[in-house]
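The structure appears right after this line, and notes come after that.
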Amino acid sequence: MKVLIVFAHQEAQSFNAALLARSVAELTALGHTVRISDLYAMRFNPVATAEDFGARRFPDRLQYDREQKYNLQHGALSSDIAAEIEKLLWCDLLILQFPLWWFSVPAIMKGWIDRVFVNGAIYGSGRRYDTGGLNGRRAMVVTSTAAYPGMCASDGLVGALDVVLWPIQNGMLAYAGCKVLPPFVSYSVNFVDEATRHRYLDDYAERLRQLETAEPLFFHPLADFGEDWRLKPGIAARTVGQGKPAARRG
């Protein structure tokens with residue numbers, strides 16, 4: 001496979017850096033081709049502005065998503081965005097690796113998604129979920145947290161991890177068309193001993209060896225929704241995001 005790892009951690013001696021190094025070594029040994037977007041090392045600009053566009057369809061007022069589509073069509077996106085889109089469309093597997101900050105990705109990775117998941121390439125014109133622009137690709141979240149496992153249980157302090165990761169796994173990856181593999185999570189990395197951190201590295205290597213056979217998470221396809229954009233009658237909600245079906249309008 002062709003694997004793109006988008007990595008967001010600013011410390012070269014961090015546990016996340018060790019995870020990244022182990023993943024590159026393991027994936028390469030398995031015969032996969034790996035490319036890395038190390039966002040902090042690249043000094044990637046996370047701020048979406050009019051400077052992202054070499055041409056303007058609407059010069060008087062910035063409509064960012066519409067300018068994305070127009071500039072994609074005219075080859076006028078800024079060079080840093082164009083380079084990342086090329087990597088994204090090249091890959092068979094996208095790994096987003098980051099420490100969990102405030103229940104989400106660090107700002108630099110959110111800015112990468114804002115600027116690189118471009119209207120007209122990744123979504124738009126009816127392309128979303130199973131018809132998204134990244135259809136046919138797999139994706140996986142690799143994250144670390146200072147939280148203990150019990151804190152991320154359904155009755156835990158911060159709530160169930162699939163709820164916490166829903167905006168990322170559903171709203172970013174599945175929405176773009178990816179088949180999303182179960183996340184790999186390293187818990188309480190600030191507080192565990194060195195042996196536990198080494199076990200996390202070994203567990204991650206084992207997960208990477210199972211990439212091609214891993215069963216993706218379920219997200220409802222477009223066909224499950226009616227013209228009102230709600231699940232059709234008779235289709236049971238199967239994701240944490242849809243949850244318990246709301247009472248239907250009469």
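We number each residue from 1, following the sequence as shown.
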Can you give each donor-acceptor pair under 3.5 Å made by side-chain atoms of residues 19-29, sequence neighbours left out, with the distance rounded to 0.1 Å?
| from | atom 1 | to | atom 2 | distance (Å) |
| --- | --- | --- | --- | --- |
| Arg22 | NH1 | Asp202 | OD1 | 3.1 |
| Arg22 | NH2 | Asp202 | OD1 | 2.9 |
| Ser23 | OG | Leu19 | O | 3.4 |
| Ser23 | OG | Leu20 | O | 2.7 |
| Glu26 | OE1 | Arg209 | NH1 | 3.4 |
| Glu26 | OE2 | Arg209 | NH1 | 2.9 |
| Thr28 | OG1 | Val24 | O | 2.7 |

Listed once per pair and sorted, the salt bridge (Lys or Arg N to Asp or Glu O under 4.0 Å) pairs that draw on residues 124-138, sequence neighbours left out:
none
Would you mind reporting whether Val180 and Pro216 have side-chain heavy atoms less than 4.5 Å apart?
no
Heavy-atom pair with the smallest gap, counting every atom of Met140 and Leu208
CE-CD2, 4.2 Å
Glu51: partners by side-chain contact (heavy atoms from CB on, under 4.5 Å), with sequence neighbours left out
Thr49
So that I know where these two stand, are Tyr123 and Phe117 an aromatic pair - ring centroids less than 6.0 Å apart?
no
So if you build clusters from Ile, Leu, Val, Met, Phe, Trp, Tyr with side-chain heavy-atom gaps below 4.5 Å, do Ile85 and Met42 land together?
yes
Measure across Gln169 and Val141 and return the closest heavy-atom pair with its distance rounded to 0.1 Å.
CG-CG2, 4.0 Å
Can you measure from CG (Asp224) to CD1 (Ile235) and round to the nearest 0.5 angstrom?
4.0 Å
To the nearest 0.5 Å, what is the distance between CE on Met109 and CE on Met172?
9.5 Å
Does His32 use its side chain to pair, donor to acceptor, with the backbone of Met1 at less than 3.5 Å?
yes
Nearest 0.5 Å, please: how far is CG in Leu94 from NZ in Lys87?
11.5 Å
Could you tell me if Gln242 and Thr239 have a donor-acceptor pair between their side chains, going purely by distance under 3.5 Å?
yes
Residues pairing under ring pair (Phe, Tyr, Trp, His ring centres under 6.0 Å) where one sits in residues 193-213, two or more places apart or in two chains, turn out to be Phe184-Tyr204
Hphob cluster co-occupancy, Val116 + Val47, side-chain heavy atoms under 4.5 angstrom:
no
According to side-chain contact (heavy atoms from CB on, under 4.5 Å), who are the partners of Glu86, at least two apart in sequence or on a separate chain?
Arg35, Trp90
For Gln10, what residues pass the side-chain contact (heavy atoms from CB on, under 4.5 Å) criterion, not counting sequence neighbours?
Tyr40, Trp101
Any chance the rings of Tyr70 and Phe53 have centres within less than 6.0 Å?
no
Do Tyr64 and Asn119 meet the criterion of a side-chain donor-acceptor pair at a distance under 3.5 Å?
no
Do Leu201 and Phe15 make a side-chain contact, defined as non-hydrogen atoms from C-beta onward lying under 4.5 Å apart?
yes
Would you please test Lys232 and Phe225 for side chain to side chain contact (heavy atoms under 4.5 Å, CB included) and show each step?
CA-CA 5 Å; Lys232 295 175 181 176; Phe225 297 90; 5.7 Å; no
Looking at Leu4 and Ser37, what are the two nearest heavy atoms and their distance?
CD1-OG, 4.0 Å
Can you pull out every salt bridge (Lys or Arg N to Asp or Glu O under 4.0 Å) where at least one residue sits in residues 57-74? Sequence neighbours excluded, please.
Arg56-Glu67
Can you give the donor-acceptor pairs under 3.5 Å from side chains of residues 160-168 to other protein atoms, not counting sequence neighbours?
none

Decide yes or no for Val6 and Trp112: does some side-chain heavy atom of the first lie under 4.5 Å from some side-chain heavy atom of the second?
yes
Backbone N/O of Glu11 and side chain of His9: donor-acceptor pair under 3.5 Å:
yes
Donor-acceptor pairs under 3.5 Å, side chain of residues 142-158 to any protein atom, not counting sequence neighbours: which ones?
| from | atom 1 | to | atom 2 | distance (Å) |
| --- | --- | --- | --- | --- |
| Thr143 | OG1 | Phe98 | O | 2.8 |
| Thr143 | OG1 | Leu100 | N | 3.3 |
| Ser144 | OG | Asn16 | ND2 | 2.8 |
| Thr145 | OG1 | Ala147 | N | 3.0 |

For Ala50 versus Leu62, what's the shortest heavy-atom pair and its separation?
N-CD2, 3.8 Å
Checking Leu72 now: which residues fulfil side-chain contact (heavy atoms from CB on, under 4.5 Å) with it, not counting sequence neighbours?
Leu77, Val118, Ala121
Rounded distance (nearest 0.5 Å) linking atom CD of Glu227 with atom CH2 of Trp229
9.0 Å
Going by salt bridge (Lys or Arg N to Asp or Glu O under 4.0 Å), name the pairs with one or both residues in residues 89-118, residues two or more places apart or in two chains.
Asp52-Arg115, Asp80-Arg115, Lys110-Asp114
List the atom of Leu217, the atom of Pro183, and the distance in Å for their closest heavy-atom pair.
CD1-CD, 4.4 Å
side-chain hydrogen bond (donor to acceptor under 3.5 Å, both in side chains) filter on Thr33, not counting sequence neighbours, yields none
Ile113 with Leu134, same ILVMFWY side-chain cluster at under 4.5 Å
yes
Please determine whether a side-chain nitrogen of the Lys or Arg among Arg199 and Asp203 lies less than 4.0 Å from a carboxylate oxygen of the Asp or Glu.
yes
With rounding to the nearest 0.5 Å, note down the distance linking SG in Cys91 to CD1 in Ile95.
9.5 Å
For Ala12 against Ala17, the heavy-atom pair lying closest together:
O-CB, 3.3 Å
Measure the shortest side-chain to side-chain distance between Leu88 and Ile122 over non-hydrogen atoms and say whether it is less than 4.5 angstrom.
yes
Can you get from Leu93 to Ile36 by hopping between Ile, Leu, Val, Met, Phe, Trp and Tyr side chains that sit under 4.5 Å apart?
yes
